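Residues take their numbers from the sequence shown, with the count starting at 1. Bear in mind that the values here come from a model prediction, so they are computed numbers and not experimental data. Order of appearance sets the numbers: ligands from 1, and atoms from 1 within every ligand.
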Amino acid sequence: MLAVVLSLLSLVAAAAGSGCCTPTQWEGDMGLILGSVANGNTSFIEGTMRIHYDAQQKMIVTVQNINYNGLPIRQTIIEDFNKRVQYTVMGDGCSSKPLGAWLPNCIPDNATSAEVVYGLGSNSVQARAFEVNYGEFTVYFVVTADTCVPLAEDVNGKFDGADIMEVITFANIKAGISNTSVFNIPTNCPTVQFPVPGVPRARRASPFHGYL
Ligand SMILES: *[C@@H]1O[C@H](CO)[C@@H](O)[C@H](O)[C@H]1NC(C)=O
Ligand SMILES: *[C@@H]1O[C@H](CO)[C@@H](O)[C@H](O)[C@H]1NC(C)=O
Ligand SMILES: *[C@@H]1O[C@H](CO)[C@@H](O)[C@H](O)[C@H]1NC(C)=O
């Protein structure tokens, strides 16, 4: 597990801020494995996603092709942090729920970090691993050393009452948004009124993407 590997590194406190912010707009592929246990109920999610990330417009779209406890799910999650609504588009259906605040797309200043190299010889990538303690959970990030492009993200600990272990890898990242209509909200999506009593806002756990 990456978390185990990373915890063997001696991470040192970043002196004056991490200085690491992902590109403002990027898209790419994600591989995901997420195990969780809540009150004895276990769940296992694995799959792939296409992510479209726009910190300027404060919107994130993930087109997901995942397995939830063996059940295949194809859905698109549109997170609109301006309206603070998260839409789930599945087939012809659409549902929405309240969303938490936008997180800056920078690794927090309290991160500890270490330099790492991926690959061998001339086919190598200079990378930087960060560890951030969010209290109940810890997030490990690996990014390219020069441009802070996501390579991997691990989340460990307690999240919304569940014990979780999440491993995400990123690949084929390109800067910019090739087709801005991925951010269009389907017309059949419901709008939600805020605040909704008793309905917790979905939240992001990290500057990269966060929780499903
Ligand atoms: C555990 O799963 C069962 C069956 O799906 C469900 O009825 C129950 O509410 C779940 N318990 C918790 C604490 O989520
Ligand atoms: C580190 O910074 C993050 C982001 O501001 C914050 O959520 C977290 O609680 C901080 N961790 C500690 C141990 O203070
Ligand atoms: C852009 O995306 C929209 C919706 O996903 C799609 O209908 C359209 O064909 C795409 N345009 C291009 C040029 O690929």
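Per-atom contact check: atom 7 (O) of ligand 3 does not touch the protein, criterion being a heavy-atom distance below 4.0 Å. For atom 13 (C) of ligand 3, the nearest protein heavy atom lies 4.0 Å away or farther.
Pairing of Cys20 with Cys106 by a disulfide is not supported, the SG atoms lying 2.5 Å or further apart.
Residue, atom and distance of the protein heavy atom nearest to atom 4 (C) of ligand 3 are Ser181 OG, 3.8 Å. For atom 2 (O) of ligand 3, the nearest protein heavy atom (residue, atom name, distance) is Asn179 ND2, 2.3 Å.
Checked against Ile51 for a side chain to side chain contact (heavy atoms under 4.5 Å, CB included), the options Ile168, Ile60, Ile173, Val63 give a single hit: Ile60.
Atoms of ligand 2 lying under 4.0 Å from at least one heavy atom of Pro108, given by number and element, are 2 (O), 4 (C). Atoms of ligand 2 lying under 4.0 Å from at least one heavy atom of Asn110, given by number and element, are 1 (C), 2 (O), 3 (C), 8 (C), 10 (C), 11 (N), 12 (C), 14 (O). For ligand 2, the atoms lying closer than 4.0 Å to a non-hydrogen atom of Tyr134 are 7 (O).
Taking SG of Cys189 as the reference point, atom CD of Gln86 lies at 11.5 Å (rounded to 0.5 Å).
Taking the six-membered ring where the residue is Trp, His52 and Phe183 present perpendicular rings, their angle passing 60° and hence far from 30°.
Of the candidates Val132, Asn133, Thr138, Leu103, the one placing a heavy atom closest to atom 9 (O) of ligand 2 is Asn133.
Judged purely by atom type and a 3.5 angstrom limit, Asn82 uses its side chain to pair as donor or acceptor with the backbone of Gln57. A distance-only check finds no donor-acceptor pair linking the side chain of Arg74 to the backbone of Asn65 [under 3.5 Å].
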